[in-house]
Amino acid sequence: MTYDFRKIEEKWQKFWAENQTFKAENNSQKEKFYVLDMFPYPSGAGLHVGHPLGYIASDIYARYKRHKGFNVLHPMGYDSFGLPAEQYAIQTGQHPAITTETNISRYREQLDKIGFSFDWSREVRTSDPSYYKWTQWIFIQLFNSWYNKDSDKAEDISSLIAIFEKEGNQSVNAVCDEDVTVFSATDWKAFTAKEQQEVLLQYRLTYLAETEVNWCPVLGTVLANDEIVNGVSERGGHPVVRKKMTQWSMRISAYAQRLLDDLALVDWPQPLKDSQTNWIGRSEGAEVTFRVLPQTPSQGGGSDSSSPKFHTADSDIYGVLLERAQEMRKNPTKAEALLWEALRNKNLNSKFRRQHPISRYIVDFVCLERELIVEVDGEIHQYQLNKDAERQLLLEQKKGYTVLRFTNDEVLNNIDEVILKIEKSLSSPSLGGGWGEVNTEDMEISVFTTRPDTIFGVSFMTLAPEHELVGKITTAEQREEVEAYIAATAKRSERDRMADVKTITGAFTGAYAEHPFSKEPIPIWIGDYVLAGYGTGAVMSVPCGDQRDYDFAKHFNIPIPNIFEGVDISEEAFADKEKTVIANSDFLNGLPYKKAVKRVIFELEKLEQGTGKINYRLRDAVFSRQRYWGEPFPVYYVDGMPQMISVDHLPIILPEVEKYLPTETGEPPLGNATVWAWDVNKSEVVNNQLIDHKTVFPLELNTMPGWAGSSYYFNRYMDPNNKEEVFSQEAINYWQDVDLYIGGSEHATGHLLYSRFWQKFLFDKGIVPKPEFAKKLINQGMITGTSAFIYRLEGQNTLVSRNLIGDRSVQPLHVDVALVNPSDELDLVRFKENPLYADFREAEFVLEDGKYIVGREVEKMSKSKYNVVSPDSICQEYGADSLRLYEMFLGPLEQSKPWNTAGITGVHSFLKKMWRLYHGGDEGAFLVTDAEPTADNLKTLHKTIKKVEEDVENFSFNTSVSTFMIAVNELSAQKCSSRAILEPLAILVSAYAPHIAEELWSKLGHPTSISTAPFPKFDGKYLVESSKEYPISFNGKMRFKLELPADLSKEEIEAAVMAHDKTQEQLQGRTPKKVIVVPGKIVNIVG
RNA sequence: GCUCGAGUGGUGGAAUUGGUAGACACGUUGGACUUAAAAUCCAAUGGACAUUAGUCCGUGCGGGUUCAAGUCCCGCCUCGAGUACCA
């Protein structure tokens, strides 16, 4: 009986489907194990042999765990919203749902042929309304949440509203927009409903905001940072520009630190962790404020003072006042301290100074730019009433300030009121006047630096050309140059800027900033090596400690002061933190890096010109796409404010549209929908014509991005058909998290970061029990293709066989690998028949030995290279079991390796050999006996059990295939037909080659599937050897082998070896200096 | 540039805490069976020298540690992946 793999595989695939063999139970006494593959997008091209690699590995692991007695969850589904189906729809008018459906059936067919043990009863599709109902639901949960930094987790928005009602927002420590204004409880209550919504939007975890986005005009959509490669779109390679749009965003930045910290909780590949760490981009340092010095008259500033504009005191008594002011800053009254705290923390969009000398006085608080003075009067000051009045008169009448006065009591008992009054004054248009004209008085530049310890090495500052201050500080003399430079950088595309990082460009603004400590003037430059989007868009340039600053300084002849002890900086900057010892830096002299950083931050805080700060590169994620084929938002707009549709009415189903393109007015494709308005009374989607903004409102026109549906699917698989909840608590508490997740490394910073974010959010809300969704993750390597080439003589229609080219000039052309046999010979008949190669029908062929030999090269598998091998053809020719074994046999799972179909005959003949092992009867009849197994039989079996078990646990699937081959070779040589050996062998192989294993299992007389048969138990007693063949080496080189009893002592071994003829022959009379004996391993004779 | 990973026969790749380098396959060569082919089976197969016995050289390169190094240490080279002026 021959091994008829086609019949066997079809039979068992049918059996598994009909019996739901792999259906996982949510109620089980067995221990759970969750094996997951990364969500595939069902593309129209179908699978090539590279795709199933990870699926085969995870399937082997899942099957192995079933043998080990686990209740295994091993689901599969489709991430079925996506661009290609939509692009196809735009081109052909075919509804993306139809294309998607077709592609899914093709995918399913291909997957089924490979014999995977998926639980198909749990299949999910992101584009299915019963699935995206829950995507919409999670979106609403995010909308209804804010991030409380004090509890360090997401909380319901109602707890925030409660705080607002009680005490306003000044004590709230939340992750929110940067420009929130401070309000009191009274304010909050006084706000209109719309104002309240606007405020809340600044705190919600998903929020609507005007953001600068990556707009791709060709695709008509916004792209996330990770969807852009080298400045062009990942899909299609279209140009991308920056554009401001109102978009939904996700406040992932709230989770930056936890996303970083919790990487320690998961067993993921280090490179993947590294790239997430890199992507989050935490840097620790300080934010330092530099005052901009006023321009001298000659610079066009118009001021007569050589001292900075914030030096508002009369110069004759400035010194005295300053000393007193500093004294007073150190010893504030309770009320002063409280108010200062409030003024600083509540972002009032205005900079206050305290105990500031003005004219001949010191005022408590002043906002110079709005010319507002705030005084807090304690009892002590009562006797001064007259004097105060006089001084107020002077400040108000002569200097043009507004003065607000509060009592200590007011400040201490009702700080909200006080702040409110100050805010009102600030917003009063009559106040101040500094905005209209260019005046550098009181301007400041904030910079972020990771090396505050090098602050005395600052010799210039550099602003991004886009920095808002550039226009204000540039002097008349420099204006022309600066404007020309800005225009030039704007013209350079993003791509040019990235490609060309070597060219140093920049311009001097003519303005100077003041060094916080030395008070020296520092020239302010602009340069495009400073990015507007990172940190504050400005740097303090320390050329001796930063190579970019160094290069810039060299290029523009800016001094490079050295502030490092014993370091030569004549050639390059010195950036080694560990070896740093600071010099020429006043109070930092002699300090190493860490101590210097601490000290300088302390000093900066004293000066109120800086503070320690942690900066992240991770930005909030834009969540809107101007696309049709995605999840619609459960959102309608009342008076421009977004409203969530109640969960009871979900899902909001994607509407039908005529065209899948943006509308003529530039709205997203959903703008074409005619039935896309929300009726709040009927609670249903109705015709747009009914929109009256009273009970019928417009719905959101954007859709969600690709990562929405894939960020929680692993949890939905636990209870995929639940109509009441995203999943039941019973289900999630049983399955908990993914034990093994296998997929490609291309998802390192996209899917895997967003999923971790959503998981943490759901964890905060008590919806999932684990803060990380996948314990162990493995990245499978890519399978590359082996392309074939034919060679055409330059300018002629002559094709030359590979080895006859010589030094002639030829043009290599891809030829379809299907036309080439394993010996690299081109099938000339089929080649000439193929319409693709019609041009060569009349071509002249230069053959070697009558054959045309093609060239070979390893490349990525792709249609355009004609090197795609499909799993279907392999299954047809060799069978699924051969395909599975061969994909594993190719090499380690994580490594990328080239596909070469020729090699598959090796594993295929192994399967045939194994089949013969069970069919040793007459004319190949099935033959298994109850004979006692021999010692050799048992040794082979247990050696195999041990190795396979170790290999699977270590995900070393390639080596276990070798082990099977060795076992079958040995057992065949031993002519073993013993049931006691062949039964466990079938179980060992079944995870890898399940079809043949099932067939043999049933022939062995088992009526049920092999899939839950217990894994054979390893017993070491069968491997105990009575003798050992020792390698005998001389000076480390193995010369001969010697069989010795295994229980000999060191001394006995040495004696036996020394007595041997060959040893004496090797030594040729010399006496060995030393004899090393490692019992059970090796003998080495030195000398 | 930075970070990470990897370099072993003609090819894919094995090799435990340092202990017989090249397991297992593919390919190639020779042989058996066959009218022939396919399939199957047997043998050889890192390189050089040698009739044999055997000797020497061999895990990207150069050093080192060790009785012993593919494996550990130092310095380089090449390739691949990620990232890109992140202050």
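Sequence lines set the chain letters: A, B, ... in the order given, protein chains first and strands last, and positions in each chain run from 1.
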Return the value, rounded to whole Å, for the distance between atom [atom1] of [X] and atom [atom2] of [N].
X: A:H747; N: B:A81; atom1: NE2; atom2: P; result: 17 Å
X: A:E887; N: B:C24; atom1: CD; atom2: P; result: 23 Å
X: A:K913; N: B:C42; atom1: NZ; atom2: C1'; result: 12 Å
X: A:D551; N: B:G1; atom1: CG; atom2: P; result: 14 Å
X: A:R282; N: B:A87; atom1: CZ; atom2: C1'; result: 16 Å
X: A:N779; N: B:G82; atom1: CG; atom2: P; result: 12 Å
X: A:L531; N: B:A84; atom1: CG; atom2: P; result: 11 Å
X: A:R548; N: B:C2; atom1: CZ; atom2: C1'; result: 12 Å

Does [X] reach the main-chain N or O of [Y] with its side chain, forming a donor-acceptor pair under 3.5 Å?
X: A:S1033; Y: A:V1083; value: yes
X: A:Q780; Y: A:L893; value: no
X: A:Q276; Y: A:A748; value: yes
X: A:Y550; Y: A:I569; value: yes
X: A:T786; Y: A:N900; value: no
X: A:H515; Y: A:I455; value: yes
X: A:K897; Y: A:G781; value: no

Is [X] close enough to [N] that one of its side-chain N or O atoms is under 4.0 Å from OP1 or OP2 there?
X: A:R617; N: B:C85; result: no
X: A:R916; N: B:C41; result: yes
X: A:S283; N: B:A87; result: yes

Discussion item. Both A:N969 and A:S275 contact RNA chain B. Which one's nearest nucleotide lies toward the 5' end?
Written reply: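 Its nearest nucleotide being more 5', the pick is A:N969.
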
Worksheet entry | 5' precedence on RNA chain B between A:N1084 and A:K1041 (nearest-nucleotide basis) |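 Looking at the nearest nucleotide for each, A:K1041 comes out on the 5' side.
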
Fill in: Base-contact (B) and sugar-phosphate-only (S) positions in nucleotides 3-15 of chain B, heavy-atom cut-off under 4.0 Å, - elsewhere
-S-------BSS-

Expressed in whole Å, how much space separates the [atom1] atoms belonging to [N] and [M]?
N: B:C26; M: B:A44; atom1: P; answer: 15 Å
N: B:G46; M: B:A84; atom1: P; answer: 47 Å
N: B:U65; M: B:C74; atom1: C1'; answer: 11 Å
N: B:G60; M: B:C56; atom1: C1'; answer: 22 Å
N: B:A36; M: B:A32; atom1: P; answer: 11 Å
N: B:C61; M: B:U11; atom1: C1'; answer: 24 Å
N: B:C57; M: B:U8; atom1: C1'; answer: 15 Å
N: B:A14; M: B:C86; atom1: P; answer: 38 Å

Worksheet item: With syn defined as a glycosidic torsion within 90 degrees of 0 and anti otherwise, which applies to B:G9?
Response: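 Chi for B:G9 falls in the syn range.
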
Worksheet item: Looking across every strand, which nucleic acid part, if any, lies under 4.0 Å from A:T905 by heavy atom: base, sugar-phosphate, or nothing?
Response: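 Sugar-phosphate only.
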
Item to complete: Would you indicate what A:I1076 reaches in the nucleic acid, counting non-hydrogen atoms under 4.0 angstrom: base, sugar-phosphate, or nothing?
Response: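 Counting heavy atoms under 4.0 Å across all strands, the contact made by A:I1076 includes a base.
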
Please determine, for the side chain of [X], which listed nucleotide ([options]) has the closest atom?
X: A:V1086; options: B:A21, B:C67, B:U40; result: B:C67
X: A:M965; options: B:C56, B:A25, B:C67; result: B:A25
X: A:Y534; options: B:A87, B:U83, B:A39; result: B:A87
X: A:M1038; options: B:A84, B:U40, B:U20; result: B:U20
X: A:K912; options: B:A25, B:U20, B:A39; result: B:A39

Practice prompt. State whether A:K946 and A:E950 are salt-bridged, where the test is any N-O pair (Lys NZ or Arg NE/NH1/NH2 against Asp/Glu carboxylate O) under 4.0 Å.
Written response: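 Looking at A:E950 together with A:K946, the answer is yes, because their closest N to O distance falls below 4.0 Å.
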
Give the ring-plane orientation class for [X] versus [Y], where under 30° counts as parallel, over 60° as perpendicular and anything between as tilted.
X: A:Y534; Y: A:F448; answer: perpendicular
X: A:Y3; Y: A:H908; answer: tilted
X: A:F552; Y: A:F460; answer: parallel

Fill in: Dot-bracket line, read 5' to 3' along RNA chain B, where crossing pairs take [ ] and | marks a partner on another strand, Watson-Crick or G-U under 3.5 Å
(((((((..(((......[....)))((((((.......))))))((((....))))..(((((..]....))))))))))))....

Discussion item. Please report the interatomic distance CD(A:E970) to CE(A:M965), rounded to the nearest 0.5 Å.
Written reply: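 Going from CD on A:E970 over to CE on A:M965, the span is 14.0 Å.
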
